[in-house]
Amino acid sequence: QVQLVESGGGLVQAGGSLRLSCAASGGTFSTYPMGWFRQTPGKEREIVATISRSGGRTHYADSVKGRFTIFRDNAKNTVYLQMNGLEPEDSAVYYCAAGRTSFLDILYTQAGQFESWGQGTQVTVSS
């Protein structure tokens, strides 16, 4: 099973930017559809963005479209989330996740399709 480690979270002012990274090990990274999710206390984990194994297909939550970009570097076994125009409402713990391995360039859009999760990284946006 793939292991995932997120990094890049922190404190930023509204309007600022952060780039989250998720390094994968223990599996063939290029076969995993990947995703970023976030969670705040008392709320369910919500999807932020997902990406197919090739990186050619992406999906975004409406709340982050036009501000966030998900991309991956299969040679570095890493998926990224570039976050621009951050808002206080984006404050959350952000989790990286790997979907069921596939030989198709499938795009997962549901949390239940993801099987492996990182430990999370805190993002706090001050107003």
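Bear in mind that the values here come from a model prediction, so they are computed numbers and not experimental data. Each residue takes its place number in the sequence, starting with 1.
Nearest approach of Y32 to A98, heavy atoms of both residues: CD2-CB, 4.1 Å. The shortest heavy-atom contact between Q119 and L4 is OE1-O, 3.7 Å. Residue T40 comes nearest to A92 through the heavy atom pair CG2-CB, 3.6 Å, listed as atom of the first residue, atom of the second, then distance.
One side chain, Q1 or S116, offers a donor N or O that lies under 3.5 Å from an acceptor on the other. A donor-acceptor pair shorter than 3.5 Å cannot be found between the side chains of D73 and T78.
Y108 and M34 end up in different hydrophobic clusters when Ile, Leu, Val, Met, Phe, Trp and Tyr side chains are linked at under 4.5 Å. Placement of W117 and V93 within a single hydrophobic cluster is found when ILVMFWY residues are connected by side-chain heavy-atom separations under 4.5 Å, directly or transitively.
Using a 4.5 Å heavy-atom threshold, the side chains of L20 and Y80 count as separate. Between W36 and V79, the closest side-chain pair of non-hydrogen atoms falls below 4.5 Å. Between L81 and T69, the closest side-chain pair of non-hydrogen atoms is not below 4.5 Å. Counting heavy atoms from C-beta on, the side chains of F71 and Q82 come closer than 4.5 Å. You'll find the side chain of M83 reaches within 4.5 Å of the side chain of V123, heavy atoms only. In this structure the side chain of Y60 never reaches within 4.5 angstrom of the side chain of V48, judged on heavy atoms. Looking at T124 and V12, their side chains never come closer than 4.5 Å, going by heavy atoms from C-beta outward. Looking only at side-chain heavy atoms (C-beta outward), R38 and I47 stay at 4.5 Å or farther from each other.
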Begin from the C-alpha positions of L86 and L18 and carry the test side-chain contact (heavy atoms from CB on, under 4.5 Å) through to its verdict.
CA-CA 8 Å; L86 283 161; L18 282 175; 4.2 Å; yes
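Once rounded to the nearest 0.5 Å, the distance linking CD of E87 with OG of S127 reads 12.0 Å. With values rounded to the nearest 0.5 angstrom, I51 atom CD1 is found 12.5 Å from H59 atom NE2. For the atom pair CG (L107) and CG (L104), the distance works out to 12.5 Å, reported to the nearest 0.5 Å. Here the CD1 atom belonging to I106 is positioned 10.0 Å from the OG atom belonging to S52, to the nearest 0.5 angstrom.
Using a distance-only test at 3.5 Å, with no hydrogens or angles considered, a donor-acceptor pair links the side chain of E6 to the main chain of C96. For the pair R57 (side chain) and R53 (backbone), a donor-acceptor distance under 3.5 Å is absent. In this structure, the side chain of S91 engages the main chain of V125 through a donor-acceptor pair within 3.5 Å. R72 places a side-chain N or O within donor-acceptor distance of the main-chain N or O of F29, the cut-off being under 3.5 Å. Side chain of T50 to main chain of G35: no donor-acceptor pair is present (N/O by atom type, distance under 3.5 Å, no hydrogens or angles). Using modelled atom types, one side-chain atom of D105 and one backbone atom of S54 make a donor-acceptor pair closer than 3.5 Å. Judged purely by atom type and a 3.5 angstrom limit, T28 has no side-chain atom pairing as donor or acceptor with the backbone of S30.
Residues Y95 and F37 place their aromatic rings such that the two centres sit no closer than 6.0 Å.
The aromatic rings of Y94 and F68 sit tilted, their planes meeting at an angle between 30° and 60°.
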